[in-house]
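What follows is a single structure, written as structure tokens, with notes after it.
Letters A, B, ... are given to chains in the order of the sequence lines, protein chains preceding strands, and every chain is numbered from 1.
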Amino acid sequence: MPEFRLYNTMSRSVEPFAPADGETVRLYTCGPTVYNPAHLGNFRTFLFEDLLRRALRLRGWKVEQVMNLTDVDDKIIKRASEQGKSIREVTDPVVTIFHEDRKYLRIEDAEHYPRATAYIAEMIQLVERLIANGVAYLADDGSVYFAIGKFPAYGRLSRLDTREIQSGARVAQDDYSKENAQDFALWKAAKPEDEACGAAWDSPWGRGRPGWHLECSAMAMSILGETLDLHAGGIDLVFPHHEDEIAQSEAATGKPFARCWSHGEFLLTDGAKMAKRVGNVQNVADLRANGVSGAAVRHFVYSTHYRKQLNLAGEALEGSMEAVRRVADFAERLKDARGGTRGLEDAADHLENEVRNALFDDLNAPGAVAALFDFIRAANKELDAGGSDAGALSRAREVFAMVDGIFELVPDRVNADAAFAQWVEQQLEERKQARARRDFAAADAIRKGLEEKGVVIEDSAVGTKWKAR
RNA sequence: GGCGCCGUGGCCAAGUGGUAAGGCGGCAGACUGCAAAUCUGCUAUUCGUCGGUUCGAUUCCGACCGGCGCCUCCA
């Protein structure tokens with residue numbers, strides 16, 4: 001089994017990776033803030049993490065993944081206030097949509113999806129530890145802050161040592177009375193609007209709510225233990241989110257918070273970061289409306305390395321839709337095949353090796369996908385040649401299933417309703433008869449009629465197949 | 001201003017100190033009654049520009065041009 005190598009943001013280099021106990025990778029991934037459906041940029045990160053967990057399993061490890069759902073934060077409170085709802089009323093529907101979207105993109109279930117509001121007690125305990133350790137303080141405004149000056153390692157992950165506000169940097173908006181502008185809130189004193197929407201809890205420091213960073217540390221350590229094997233997220237979380245997670249976790253436990261940090265790059269739209277503020281977001285609902293399958297999105301995302309910005313532009317998505325059609329046709333063909341050849345078996349062996357090597361080399365998805373397409377061409381060629389080797393065929397099916405079990409590029413079959421399918425079959429029968437009497441004009445007219453209904457047909461020696469397009 | 005990333009064919013995009021993966025598209029051919037699917041061949045003498053190191057650089061170094069991201073809302 002080749003060594004698994006992964007880029008570690010902490011060291012800024014590709015390093016060998018293995019879980020501490022040699023068996024189970026304890027993986028924490030920062031999830032969505034559920035005030036609005038996640039957009040494709042968010043999902044690029046979740047797709048990266050999906051591939052990561054599948055690759056780790058391919059390597060032979062178990063994976064225990066936590067993806068948190070941030071269900072209390074400024075934006076949620078703002079929305080709840082505007083709509084006269086509780087935060088729960090705002091977040092519940094969005095959580096439902098998140099999971100639907102996630103399934104559409106075939107992102108596997110993580111083992112845990114903790115909601116921040118379910119871990120308030122753990123967060124309070126963590127803050128108490130930090131206060132006891134002298135690295136957190138209660139300010140005049142009733143909020144508790146982390147004193148970054150008390151944590152010498154602060155800034156190691158992001159390598160942002162100079163914290164002065166420079167020209168060009170965004171200016172911090174100070175809503176709270178901190179001792180140091182760079183200190184971050186662990187616990188925020190409740191404001192009237194927080195109380196109004198159910199975003200306030202009792203604490204030793206009075207009514208309040210958790211700061212954003214606190215939830216991840218509390219949930220990660222509660223569920224996975226004080227030292228994670230791997231912590232992943234979007235590149236923008238490096239600073240301040242992950243920096244602050246490290247500070248508050250390590251200052252509390254005295255142990256390393258994560259053994260490895262992995263960050264996925266952004267999705268751009270026509271060259272600009274996809275973001276609400278830019279106004280260029282697309283979400284899964286938009287894709288569905290345009291007939292873009294989850295499989296096509298996966299192909300698109302996995303065509304670029306996770307540490308490189310990916311530009312949603314040009315005909316890229318259309319290309320992925322077509323590419324995935326090719327994979328689906330091949331899958332069908334492999335399923336229906338009656339036998340294989342020695343060459344088919346060799347191609348399968350080669351594919352398995354290539355995929356392992358690529359994926360274990362810092363998650364080189366493009367390389368693995370390229371190997372898959374090489375295999376499809378080679379296998380189509382072998383299948384064209386016929387062959388009756390049952391062992392070779394089953395080997396090809398096995399490896400293809402393994403690879404597609406990782407990338408999931410075969411789109412869901414659109415199940416035409418029964419009446420429509422019956423109508424299509426009837427048309428095909430009529431066309432068959434027309435062809436039998438060599439009335440090709442009639443046969444072509446039927447085919448044209450089917451195409452107008454979105455049905456593509458393929459004649460072959462064993463009959464005519466059709467598929468909805 | 002600080003930190004970092006990127007610039008490869010029409011589009012998306014791998015990769016390596018030794019002469020360019022893969023997908024989409026296009027062109028031609030095989031197969032087909034015609035298609036579709038599939039297969040075959042062709043489609044970057046070249047990897048932003050200019051220098052340098054080297055026997056040799058797209059790959060290393062420097063400068064420049066262009067694009068992007070982070071510097072407490074951020075996947």
Side-chain angles (χ1 to χ4, degrees), chain A residues 12 29-33 38-49 73-75 158-174 181-185 212-213 232-241 243-244 263-268 271-277 299-300 303-305 307-327 329-330 332-333 354 358 364-374 376-377 380-381 383-385 435 438-441 443-444 447-448 451 456-461 464-467:
Chain A
R12 299 287 203 273
T29 50
C30 288
T33 298
H39 57 69
L40 262 193
N42 301 312
F43 275 113
R44 183 194 180 188
T45 296
F46 304 146
L47 245 10
F48 142 61
E49 293 157 351
D73 102 310
D74 293 354
K75 278 178 286 201
S158 57
R159 303 196 177 179
L160 291 171
D161 298 326
T162 310
R163 301 255 35 91
E164 292 90 35
I165 294 161
Q166 309 263 352
S167 65
R170 283 182 230 149
V171 179
Q173 309 165 339
D174 247 359
Q182 298 140 33
D183 291 348
F184 59 90
W212 173 39
H213 315 299
I235 189 78
D236 54 333
L237 296 185
V238 172
F239 187 88
H241 188 52
E243 199 70 74
D244 291 350
H263 293 94
E265 255 294 355
F266 278 130
L267 176 67
L268 312 181
K273 173 180 173 177
M274 180 181 282
K276 275 260 157 46
R277 58 181 355 225
H299 174 89
F300 173 64
S303 70
T304 303
H305 189 85
R307 284 194 287 114
K308 209 171 158 189
Q309 292 176 343
L310 169 61
N311 195 13
L312 178 55
E315 314 118 26
L317 259 186
E318 289 79 356
S320 288
M321 289 167 76
E322 188 57 26
V324 134
R325 193 233 82 227
R326 182 168 153 84
V327 179
D329 281 356
F330 173 75
E332 188 82 1
R333 188 174 189 197
E354 291 291 303
N364 183 356
V369 171
L372 173 62
F373 280 91
D374 283 339
I376 289 176
R377 187 183 316 99
N380 268 140
K381 196 173 175 178
L383 258 19
D384 280 349
R435 292 180 76 206
R438 303 193 67 77
D439 181 356
F440 295 120
D444 290 350
R447 180 169 64 202
K448 195 157 185 297
E451 279 169 5
V456 179
I457 64 179
E458 291 175 24
D459 293 325
S460 76
T464 299
K465 292 201 307 188
W466 66 277
K467 60 188 176 186

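- The distance from the CZ atom of Phe440(A) to the CZ atom of Arg435(A) is 6.5 Å, given to the nearest 0.5 Å.
- For Gln309(A), whose side chain is taken as the heavy atoms from C-beta onward, the closest listed nucleotide among A75(B), G67(B), C74(B) is G67(B).
- Only the P atoms considered, A13(B) is 14 Å distant from C6(B), to the nearest whole Å.
- OP1 or OP2 of G7(B) lies within a sub-4.0 Å distance of a side-chain N or O belonging to Lys308(A).
- The C1' atoms of C39(B) and C31(B) are separated by 9 Å, rounded to the nearest whole Å.
- With rounding to whole Å, Arg307(A) atom CZ is found 13 Å from C6(B) atom C1'.
- Looking at heavy-atom distances under 4.0 Å, Leu310(A) makes contact with sugar-phosphate atoms alone, never a base.
- One can place CZ of Phe266(A) at 18 Å from P of G4(B), the figure rounded to the nearest angstrom.
- The phosphate of C73(B) (OP1 or OP2) has no side-chain N or O of Lys276(A) nearer than 4.0 angstrom.
- Every side chain to side chain donor-acceptor pair (under 3.5 Å) that Glu243(A) has, sequence neighbours left out, goes to Ser158(A).
- Shown here are the ring-ring contact (aromatic ring centres under 6.0 Å, His included) partners of Phe373(A), two or more places apart in sequence or in another chain: His299(A).
- Side chain of Glu458(A), nearest nucleotide from G69(B), A37(B), A75(B): A37(B).
- Contacts of Arg333(A) with the nucleic acid, taken as non-hydrogen atoms under 4.0 Å apart, involve only primed sugar atoms and P, OP1 or OP2.
- Searching all strands for a Watson-Crick or G-U wobble partner of C5(B) with both distances below 3.5 Å returns G67(B).
- Nucleic acid contact class of Met321(A) (heavy atoms, under 4.0 Å, all strands): none.
- Rounding to the nearest 0.5 Å gives a distance of 12.0 Å between CD of Glu354(A) and CG of Leu372(A).
- Between the side chain of Arg44(A) and the base of A75(B) there is no donor-acceptor pair of N/O atoms closer than 3.5 Å.
- Gly264(A) comes within contact range of no nucleotide atom at all, as no heavy-atom separation falls under 4.0 Å.
- Rounded to whole Å, the distance from CG on Asp384(A) to P on C39(B) is 7 Å.
- With both ends at atom C1', the span from C73(B) to A14(B) equals 34 Å, rounded to whole Å.
- Base engagement by Ile457(A) is indicated by at least one non-hydrogen atom pair under 4.0 Å involving a base atom.
- If you check U38(B) for Watson-Crick or wobble pairing at under 3.5 angstrom, you find it paired to A30(B).
- The number of heavy atoms from other shown groups lying within 6.0 Å of NZ (Lys467(A)) is above 12.
- Rounded to whole Å, atom P of U38(B) lies 15 Å from atom CG of Asp459(A).
- Comparing G18(B) with C12(B), their P atoms are spaced 27 Å from each other, to the whole Å.
- Among the heavy atoms of the strands lying under 4.0 Å from Asp444(A) is at least one base atom, whether or not backbone atoms are also near.
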- [ ] Classify every nucleotide of nucleotides 18-31 of chain B by which part a protein heavy atom approaches to under 4.0 Å, writing B for the base, S for the sugar-phosphate alone and - for neither, in 5'-to-3' order.
- [x] ---BSSSS------
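- Candidate nucleotides A35(B), A75(B), G33(B) were compared by shortest atom distance to the side chain of Arg438(A), and G33(B) ranks first.
- The residue Asn311(A) sits close only to the backbone: its heavy atoms come under 4.0 Å of sugar-phosphate atoms, none of a base.
- Closest to the Trp212(A) side chain, of the nucleotides G33(B), C73(B), C70(B), is C73(B).
- Of the candidates A75(B), C74(B), C34(B), C34(B) carries the atom nearest the Arg447(A) side chain, counting heavy atoms from C-beta on.
- In terms of phosphate contacts, Lys467(A) brings no side-chain nitrogen or oxygen within less than 4.0 Å of OP1 or OP2 of A36(B).
- Of all nucleotides present, only C50(B) satisfies the Watson-Crick or G-U wobble test against G62(B), with each distance under 3.5 Å.
- Salt bridge absent: Arg333(A) and Asp329(A) never bring a charged side-chain N and a carboxylate O closer than 4.0 Å.
- Base pairing annotation: G25(B) forms a Watson-Crick or G-U wobble pair with U43(B), both donor-acceptor distances under 3.5 Å.
- A salt bridge links Glu322(A) and Arg325(A); the closest N-O separation between the charged side-chain nitrogens and carboxylate oxygens is under 4.0 Å.
- We find the CE-CD distance between Met274(A) and Gln309(A) to be 13.0 Å, quoted to the nearest 0.5 Å.
- U40(B) and G22(B) have their P atoms separated by 11 Å, given to the nearest Å.
- Toward the 5′ end of RNA chain B lies the nearest nucleotide of Val456(A), the other residue of the pair Gly271(A) and Val456(A) mapping further downstream.
- For the atom pair Leu310(A) CG and Phe266(A) CZ, the distance stands at 13.0 Å (nearest 0.5 Å).
- In plain terms, the two heavy atoms of Ala358(A) and Gly367(A) that are nearest each other are CB-C, 4.1 Å.
- Within the model, atoms OG1 of Thr304(A) and CD of Glu265(A) stand 11.0 Å from one another, a figure rounded to the nearest 0.5 Å.
- G52(B) and A44(B): their P atoms are spaced 29 Å apart (whole Å).
- Nucleotide A36(B) holds its C1' atom 11 Å from the CZ atom of Arg435(A), rounded to whole Å.
- Among the protein residues, His305(A) comes within range of the sugar-phosphate backbone only, with heavy atoms under 4.0 Å from sugar or phosphate atoms but none that close to a base.
- Using P as the reference atom, G15(B) and U8(B) are 14 Å apart when rounded to the nearest Å.
- Within the shown strands, nothing qualifies as a pairing partner of A20(B) under the Watson-Crick or G-U definition with both distances less than 3.5 Å.
- Taking atom CG on Asp74(A) and atom P on U72(B), their separation rounds to 15 Å, with Å as the unit.
- Comparing G26(B) with G9(B), their C1' atoms sit 12 Å apart, to the nearest whole Å.
- For the pair Phe300(A) CZ and C12(B) P, the interatomic distance rounds to 9 Å; values are reported in whole Å.
- Atom CG in Asn42(A) sits about 5 Å away from atom P in A75(B), given to the nearest Å.
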